[in-house]
Number of protein chains: 2
Amino acid sequence: MSWTPTDQDRDTAGTVQSVDRAITILELLARHGVAGVTQLATELGVHKSTASRLVSALEQRTLVEQVEDRGKYRLGVGILRLAGATTARLDLVQEARPLCRRLAVTTGETVNLAVLSGGAALYIDQVAGASTLSSYNWVGQHVPLHATSNGKALLSELAEPDLTRTLGELTAYTPSTITERNRLDRELAAVREHGYAMATDELDVGLTAVAAPVRDAHGEVVASVSVSGPSFRFTPERISQLLPDLRRAVDDLSAAMGYRAP
Amino acid sequence: MSWTPTDQDRDTAGTVQSVDRAITILELLARHGVAGVTQLATELGVHKSTASRLVSALEQRTLVEQVEDRGKYRLGVGILRLAGATTARLDLVQEARPLCRRLAVTTGETVNLAVLSGGAALYIDQVAGASTLSSYNWVGQHVPLHATSNGKALLSELAEPDLTRTLGELTAYTPSTITERNRLDRELAAVREHGYAMATDELDVGLTAVAAPVRDAHGEVVASVSVSGPSFRFTPERISQLLPDLRRAVDDLSAAMGYRAP
DNA sequence: CGCTAGTGTTTCGCTATGCGCAACCCAACG
DNA sequence: CGTTGGGTTGCGCATAGCGAAACACTAGCG
């Protein structure tokens, strides 16, 4: 190797070349689905034989598998066995806690974490903001999907047969509650487009919230984080001001759950 | 040459030592949850420094993460990203997805898809039912064969030499777990006869499941689909009610894998 | 049919790579 | 403040693993 004293690439400290290359192979396979040795070799910038040996090493431990003899390769079930051990300790609430706390500090408002549960949004964690007047605790509460920002975020990517089933009656809680189905559909399309959902005075008059979806390793929406407070504080300027913070929180949480942005 | 003459050759050809060791580290972490460098080093039979460098290489690519600075290590989110890509590419999962979803809708319970992998049942996909409280994700988990409906379904057609080998110890998880071999044999015969397997309170008290095997073009059992939920909901009537749905799902899936009913 | 143009695999000799050693930091005890 | 017990970091040697080239096999094609 051409040893420049200032070895500028990656991290100079204790990297094991072949392990690093092997991991790159795994990531390439994750991206491409299947790939041949030659392709992997060129993308890695190494010789065919090297790639072949690395892939064999991975294959013996079932991290990759050959689609057919003398054929191309793809990721194997060994990965899944490892993933099982990872998800076992992966608690959504636990991972979300510090992020929600940070978000509550920067925005000063109440932050909630919700999941979809039996036709409703279930609040599973809450951090009260600094400027909260009365800190009512929503944890454990089921709230209607069509009248809350979290609900809309959780619904946003549901396909049609499921959507109608999980949605029940669109009951009105305030004059602003969405009760017509096609208006809700349009709103969900907007959520998909912009990446966040809103609800102003739709569940309670005077209560406004903004929410964004959290994704897992499969890219599916598994949870939702919301920032909520009295409507008079949620002016358009204020909202566009706190949106980046919200987005950063859900991005970080999605990353922690294994999601990789496309 | 420090290798012992009785080098219990894993496979003589093309193994890359450091990659192999790195994978062993991942598996050790999967088993232990968290582990320190020294512990890993002794279990691997290498020097501390070697283990440290291997772990660092894995850490830079987020396959492992340090629980706190200068602390122990555990598996990282990189694994989850790879796992997400893995299931997306296994054809079995692709085919099974819509069928499992349909089954989850009609039964309202959680549906799992499992395969036999290294002496255990490995869950490779899951669709949560409507009446599930929190959607705990079992994907990637490997569960004992003799204490689960999926395990019994997967074992049901194994011939004798293989059967004893894949079955390990028949450890008891609850008072209802089957621990005697001939009782298990009788149960497997019943599975063959009726075409489905059951497990009530055998892995966890309060958890019941029904499963049926999936066959491929050669007629061999390659996977298993289960419907599971709290035991109090799984009355005999309820079971005989949802059995046709389960049977239809596995029949369709077997057909998709190329199986032709005799 | 050979002939080429692709694969993936294997052998071999050389040297960069990664190993063991030991010295090191840094925290937690007592 | 030593001492113990973690994880981390230079260093020099040798071996593990690399690249080149030959090999095996399949598929397309004139």
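Among the protein residues, A:Gln39 comes within range of no part of the nucleic acid, since none of its heavy atoms lies under 4.0 Å from any strand.
For the pairing with A:Arg102, the side chain to side chain donor-acceptor pair (under 3.5 Å) check across A:Asp245, A:Asp252, A:Thr107 returns one residue only, A:Asp252.
Heavy-atom contacts from other residues, nucleotides or ligands closer than 6.0 Å to CD of B:Glu160 number more than 12.
Between A:Ser18 and B:Ser18, the side chains place a donor N or O and an acceptor N or O closer than 3.5 Å (distance only, hydrogens not considered). A donor-acceptor contact closer than 3.5 angstrom links the side chains of B:Ser226 and B:Asn150. For the residue pair A:Thr50 and A:Arg21, no side-chain donor N or O sits within less than 3.5 Å of a side-chain acceptor on the partner.
Applying the 4.0 Å criterion to OP1 and OP2 of C:dG20, one finds that B:Ser49 has every side-chain N and O outside that range. Listed pair B:Arg53 / D:dT8 fails the phosphate criterion, with no side-chain N or O lying under 4.0 Å from OP1 or OP2. For the OP1/OP2 pair of D:dT8 and a distance below 4.0 Å, the side-chain nitrogens and oxygens of B:Tyr73 include at least one atom meeting the criterion. A sub-4.0 Å separation between OP1 or OP2 of D:dG6 and a side-chain N or O of B:Gln66 is absent. Note on B:Thr38: a side-chain N or O is less than 4.0 Å away from OP1 or OP2 of D:dG7.
To the nearest angstrom, C1' of C:dC19 lies 10 Å from NE2 of B:His47. Rounded to a whole Å, the NZ atom of A:Lys72 is 14 Å from the P atom of D:dA27. Counting to the nearest Å, the P atom of D:dG17 and the CD atom of B:Gln17 are 5 Å from each other. Distance, A:Glu59 CD to C:dG8 P: 13 Å, rounded to whole Å. Computed from coordinates, the B:Leu58 CG to D:dT8 C1' distance equals 16 Å when rounded to whole Å. Counting to the nearest Å, the P atom of C:dG18 and the CG atom of B:Asp20 are 15 Å from each other. In this structure, B:Ile25 atom CD1 and C:dG18 atom P are separated by 14 Å, rounded to whole Å. The interatomic distance linking A:Leu54 (CG) with D:dG17 (C1') rounds to 9 Å, in whole Å.
Axis deviation across the helix from C:dC1-D:dG30 to C:dG30-D:dC1 amounts to 30°, comparing end segments of five pairs, rounded to 10 degrees.
Remark on DNA chain D: of its neighbouring residues A:Lys48 and A:Ser18, the 5'-side contact belongs to A:Ser18, judged by nearest-heavy-atom nucleotide. Of the residues near DNA chain C, B:Ala51 and A:Arg21, the one whose nearest nucleotide (by heavy atom distance) lies more toward the 5' end is A:Arg21.
When the nucleotides C:dT10, C:dG18, D:dT9 are ranked by their closest atom to the side chain of B:Ser52, D:dT9 comes out on top.
Summarising the geometry of A:Val250 relative to A:Ala212, their closest heavy-atom pair is CG1-O, 3.6 Å, with the distance given to 0.1 Å. Here the closest non-hydrogen pair linking B:Tyr173 and B:Glu202 is CB-O, 3.9 Å.
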